[in-house]
2 protein chains.
Amino acid sequence: MAAAWEVARDKGLAGLSLSDVAARVGMQVPSLYSYFASKNDIYDAMFAQGNDQFLQFIRDRAVLPRSARERLRAGFWVTFDFCTADPVRYQLLFQRTIPGFTPSPASYAKALEVLDLFRQGLASTGLVSEPADQDLLTALSIGLVDQQISNDPGGRRWASLVDDVADMAYDYLLKKRRRARARPSTRSRNKEAQ
Amino acid sequence: MAAAWEVARDKGLAGLSLSDVAARVGMQVPSLYSYFASKNDIYDAMFAQGNDQFLQFIRDRAVLPRSARERLRAGFWVTFDFCTADPVRYQLLFQRTIPGFTPSPASYAKALEVLDLFRQGLASTGLVSEPADQDLLTALSIGLVDQQISNDPGGRRWASLVDDVADMAYDYLLKKRRRARARPSTRSRNKEAQ
DNA sequence: GTCTATATTTGGATAGAC
DNA sequence: GTCTATCCAAATATAGAC
């Protein structure tokens, strides 16, 4: 697995080849088939491992800061740091870029586990009322990550904007919540309106 | 070129092959070398063409709406619509995902042309004072695009958030500008402070 | 589990006739 | 400009001995 990650970081995720992996572990190519049924099986194992690493990463940072504002900032930073730490891993987990590969149900379940953990964390801030709010936050996070990786790899150009964007989102969600409480019929219509 | 785009949309950008392109235009593979020096040369031509299309797309929409708020919204929509209309083109122009390919200086110049056109449009709103503001806006735009393409291809899940995010950015930049004018030493330090 | 040997396919690219 | 023929390299994958 470690060799596979190294090769992917070296030759690009799509450039992963069994020959390179075998060479890096000092084996012949056919020996790899004792461990993986196919090349896509390696991608799948990487996908699962990457999600496990993300889960661990989130839990390691789960100090749960005091205020909702700080908690939101922390959420942005967790995503940003994890993704930018390994662009290839980010590409495998969050972009759909490898021609033939689709994660197995078992591996995909891990991805859902990550999503759910995030959903919980966001809910604890009391800021996120509807699914669309979560979509908004993921878009903002991923946008920062994507620009950082694509246009300033290894730099800090978008890292310096993480706190600003988090606060911007905080203000937006807070204002939205206030508005919704002032006249509940507008945003959360139907249910309470009747 | 059209055949190349079709193949890329069909087999994935990284899955582009000369055999498929040749087959689609009813030629033999070696005949393609009368038009392109190599496979990467095809990618390069696609890169240039994609940027040309973006330039045309921007100009077609350049009605320049009245208020700054509307102008910002329009800018978000231009990016969103163009990118989501063709995910493969988006991948080629804005992600760095193909192992061996780097755009030629001539093609890259077109990409810079697009960037500059955007910079002009944003400057006309009077909202964007420093480069970091532009980085912020590109991050927000790309985030919406990326999530829409990766997690709801063909759908409208993040499309429905475009106006909200644009307005959120507008409010943020407006507030920031007001703050900067109230005490000019904080944000635009050095120059005016001395 | 690991190897050698091999099958099989496919890829990009060139030579040279027409 | 387009073709046939060919080259060469690399890829994934399997068979079967040790």
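The shown structure was predicted, so the numbers you read here are calculated from the model rather than taken from an experiment. Only this structure's heavy atoms are used, side chains among them; waters, hydrogens and symmetry mates stay out. To find a chain, count down the sequence lines: A is the first, B the second, and so on, and within it residues start at 1.
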(message) With a strict under 4.0 Å distance from non-hydrogen atoms of chain B, what nucleotide opens and what nucleotide closes the contacted stretch of DNA chain D, reading 5' to 3'?
(response) dG1(D) to dA5(D)
(request) For DNA chain D, determine which residues of residues 37-45 of chain B have any heavy atom closer than 4.0 angstrom to one of its atoms, and list them numerically. (result) none
(request) Could you note down all residue pairs passing ring-ring contact (aromatic ring centres under 6.0 Å, His included) where residues 129-155 of chain A supplies at least one of them, sequence neighbours left out? (result) none
(message) With a 3.5 Å distance limit and no angle check, can you tell me whether Gln134(B) reaches the backbone of Leu122(B) through a side-chain donor-acceptor pair?
(response) no
(request) Decide whether Gln95(A) and Thr97(B) meet the rule of one side-chain donor and one side-chain acceptor closer than 3.5 Å. (result) no
(message) Holding to ring pair (Phe, Tyr, Trp, His ring centres under 6.0 Å), I want the full list of residues that pass it with Phe80(B), two or more places apart in sequence or in another chain.
(response) Trp77(B)
(request) Please list, chain by chain and in numerical order, all residues satisfying side chain to side chain donor-acceptor pair (under 3.5 Å) with Ser129(B), sequence neighbours excluded. (result) Asp133(B)
(request) With sequence neighbours left out, write down each residue that passes side chain to side chain contact (heavy atoms under 4.5 Å, CB included) with Thr138(B), or none if nothing qualifies. (result) Gln147(A), Trp158(A)
(message) Under 4.0 Å, heavy atom to any atom of DNA chain D: which of residues 21-33 of chain B qualify?
(response) Met27(B), Gln28(B), Pro30(B), Ser31(B)
(request) Would you please name every residue forming a side chain to side chain contact (heavy atoms under 4.5 Å, CB included) with Gln56(A), sequence neighbours left out? (result) Asp60(A)
(message) With side chain to side chain donor-acceptor pair (under 3.5 Å) as the rule and sequence neighbours excluded, what pairs involving residues 22-31 of chain B come up?
(response) Glu6(B)-Arg24(B)
(message) Quick check for you: to the nearest 0.5 Å, what is the distance between Phe76(B) atom CZ and Asp81(B) atom CG?
(response) 13.0 Å
(message) Hydrophobic clustering (ILVMFWY, side-chain heavy atoms < 4.5 Å, transitive) - are Leu115(A) and Leu117(A) grouped together?
(response) no
(message) Heavy atoms within less than 4.0 Å of DNA chain D: which residues of residues 9-20 of chain A have one? Give them sorted by number.
(response) Leu16(A), Ser17(A), Leu18(A), Ser19(A)
(request) Please identify each residue that fulfils ring pair (Phe, Tyr, Trp, His ring centres under 6.0 Å) with Tyr43(B), with sequence neighbours left out. (result) Phe101(B)
(request) Using ring pair (Phe, Tyr, Trp, His ring centres under 6.0 Å) as the criterion, list what pairs up with Tyr170(A), not counting sequence neighbours. (result) none
